[in-house]
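Model, not experiment: these values are computed from the prediction.
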Amino acid sequence: MVKRALVTGVTGQDGSYLAELLLAKGYEVHGVVRRASTFNTSRVDHLYVDPHEEDARFFLHYGDLTDGTRLATLLSKLHPDEVYNLGAQSHVRVSFDEPEHTGDATGMGTIRLLEAIRQVGLDCRYYQASSSEMFGATPPPQDESTPFYPRSPYGAAKVYAYWVTRNYREAYGMHATNGILFNHESPRRGETFVTRKVTRAVARIQAGLDDHVYLGNLDAVRDWGYAPEYVEGMWRMLQQDEPDDYVLATGVPCSVRDWVSTAFDHVGLDWEKYVRFDERYLRPTEVDALIGDAGKAERAVGWKTEVTPDQLVRIMVDADVKALEHEGRPWIDAVSLPSWPSAHLAS
Ligand code: NAP
Ligand code: F7E
């Protein structure tokens, strides 16, 4: 029997790596894509196979976490074995500008999906993309028993989503699991998250396209891992007999300043000549330090990171340099260039 997965947020960083992983494992993968006036599937275009082909196993469907009816329709039509809820307004700084929308998509979207599963009567396994941002002001190291103290509308929405996931597990016996993931990055990371913003700036400055980059708080400490390793962890969690909650992290602290200096060093530039401060990038409340303890995941699901922050910086700088060499096309397009898959969204 071919397993079938439904992935919200399939067009995002994690969604694209997860879709690749599940396809490699023989799954049929259905991704939920938001309607946009421009193509927004660049991270998954390389996975596209014409749905008319017999061997097609990757399908895209319009849908939105703010539209519960549509979620129920998709679930009743597709009957997935596994549902991965990766969709979210995921930018912390933006959540201060769009708090209501963030609560709606990131928080309420989760209960819409859980309730749709329940109403359809689906017997599936559910993965919730919970976040280390939930720990917020609680000092590190953070693990599954650390109290939550969110510091942004995004963090608060994720706390709500975490608790409704647990509640549906306890109230209705659903196989619903929270993956509490610390920051994870890659060449596919959105360009406005600090890691990618920096590696992209390094490539552009080195190429003479930009003179400097504006950043905010350089003192914040994060635990940055490599995204492809983290989607493997998501899948492993859902293969457990019992649902549970797990932290995924490297346990290695790295400040924004360290990330910046390693990235500029990698191409032989002195970061202090190119980095400028702009208070626009500060947050009304900051999360000072996130450093995770992933011991439970290692023991229970056999998951552990291998890529170190230093290696990750180099992977991302090299990819951004390479993307510029490919005339500014996203790095992913250097792998393969299919023809207009977005035009074939199933409905
Ligand atoms: P991302 O690159 O920002 O992707 C977010 C995805 O959600 C995109 O596909 C986006 O669609 C989709 N989306 C946004 N609003 C939606 C809506 N209303 N309905 C349906 N889909 C919607 O995020 P990511 O880094 O891959 O993260 C995946 C998930 O893990 C997110 O829930 C995030 O909050 C969480 N998380 C991430 C990290 C991390 O470090 N990356 C850590 C912990 C938790 P568009 O492409 O159309 O924008
Ligand atoms: O900020 C500082 C900023 O936006 C990291 C999301 O995936 O991980 C991510 O959230 C740090 C913060 O990620 C700039 O103040 C300085 O302290 O890259 P970020 P994040 O806020 O940690 C968590 C786990 C998630 O769940 C989220 O979805 O970097 N910083 N200067 C800056 N940040 C940005 N974005 N831009 C700057 O110019």
Side-chain angles (χ1 to χ4, degrees), residues 12-13 88-103 105-106 131-140 142 148-159 181-206 209-227 249-250 252-267 269-292 309-310 312-317 319-320:
Q13 170 189 258
Q89 190 306 91
S90 74
H91 202 286
V92 174
R93 178 66 192 82
V94 172
S95 79
F96 288 98
D97 299 329
E98 297 188 357
E100 189 178 327
H101 169 69
T102 303
T106 306
S131 166
S132 54
E133 276 293 305
M134 301 188 303
F135 300 125
T138 311
Q142 294 105 353
F148 298 143
Y149 187 158
R151 296 271 283 172
S152 64
Y154 169 79
K158 283 289 185 186
V159 170
L181 271 52
F182 282 61
N183 299 53
H184 46 280
E185 320 292 312
S186 74
R188 298 184 197 174
R189 186 55 142 154
E191 289 87 346
T192 61
F193 296 95
V194 77
T195 52
R196 182 77 199 286
K197 182 173 171 181
V198 168
T199 60
R200 190 166 170 270
V202 165
R204 292 181 62 81
I205 290 168
Q206 191 206 29
L209 296 171
D210 286 338
D211 297 326
H212 43 256
V213 58
Y214 287 96
L215 296 174
N217 176 19
L218 302 186
D219 294 327
V221 171
R222 290 292 183 274
D223 175 332
W224 279 300
Y226 185 42
T250 69
V252 180
C254 178
S255 69
V256 175
R257 184 178 287 95
D258 287 344
W259 181 276
V260 169
S261 98
T262 310
F264 276 88
D265 270 1
H266 185 51
V267 297
L269 296 176
D270 174 3
W271 71 274
E272 293 192 77
K273 290 188 184 151
Y274 303 100
V275 174
R276 296 185 182 177
F277 172 72
D278 186 337
E279 65 179 10
R280 271 195 310 155
Y281 299 113
L282 298 179
R283 287 134 196 225
T285 39
E286 176 63 290
V287 171
D288 294 328
L290 294 173
I291 307 162
D310 276 8
L312 181 56
V313 174
R314 289 196 289 274
I315 290 170
M316 290 175 66
V317 171
D320 275 319

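Atom CD of E286 is separated from atom CG of N217 by 4.5 Å, given to the nearest 0.5 angstrom. Of the inter-residue distances, the one linking T138 atom OG1 with L290 atom CG reads 9.5 Å to the nearest 0.5 angstrom. Note that CZ of R151 is 12.5 Å distant from OG of S95, once rounded to the nearest 0.5 Å. To the nearest 0.5 Å, atom CD1 of residue I291 and atom SG of residue C254 are 10.5 Å apart. Note that NE2 of H184 and CD of Q13 are 5.5 Å apart. Values are rounded to the nearest 0.5 Å. To the nearest 0.5 Å, atoms CZ (R200) and CD1 (I205) are separated by 11.0 Å.
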Task: Verdict with reasoning, F277 to L282, per side-chain contact (heavy atoms from CB on, under 4.5 Å) - done: CA-CA 10 Å; F277 172 72; L282 298 179; 3.8 Å; yes
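The shortest distance between side-chain heavy atoms of I315 and P187 falls below 4.5 Å. Between V94 and T102 the shortest side-chain heavy-atom distance does not fall below 4.5 Å. Taking 4.5 Å as the limit, some side-chain heavy atom of W271 sits within range of a side-chain heavy atom of R257. Here the side chains of T106 and K158 are in contact, with some heavy-atom distance below 4.5 Å. Within the 4.5 Å cutoff, side-chain heavy atoms of N183 are placed close to those of S132.
With H266 contributing its side chain and V317 its backbone, the two residues share no donor-acceptor pair below 3.5 Å. Without hydrogens or angle criteria, Q142 side chain to G136 main chain gives no donor-acceptor distance under 3.5 Å.
Ion pairing of R93 with E133 is absent here, as no side-chain N (NZ or NE/NH1/NH2) approaches a carboxylate O to less than 4.0 Å. Between D320 and R196 there is a salt bridge, with a side-chain nitrogen of the basic residue lying less than 4.0 Å from a carboxylate oxygen of the acidic one. With respect to the salt-bridge test (charged N to carboxylate O, under 4.0 angstrom), the residues K197 and E185 do not qualify.
The shortest non-hydrogen separation linking A263 to V313 is CA-CG1, 3.4 Å. What you find for G292 and D223 is that their closest heavy atoms are N-OD2, 2.9 Å. Residues G155 and M134 share a closest heavy-atom pair of O-CG, 4.2 Å. Shortest non-hydrogen contact noted between F193 and H91 is CE2-CD2, 3.7 Å. When all heavy atoms are compared, the tightest approach of F264 to Y274 is CE2-CB, 3.7 Å. Among all heavy-atom pairs drawn from T250 and G225, the shortest one is CG2-CA, 3.6 Å.
Ring centroids of F148 and F135 are separated by less than 6.0 Å, placing the two rings close together.
Of the residues listed (W259, Y226, W224), the one engaging M316 in a side chain to side chain contact (heavy atoms under 4.5 Å, CB included) is W259, and it is the only one.
Atom OH of Y149 is surrounded by 12 or fewer heavy atoms from other residues, nucleotides or ligands within 6.0 Å.
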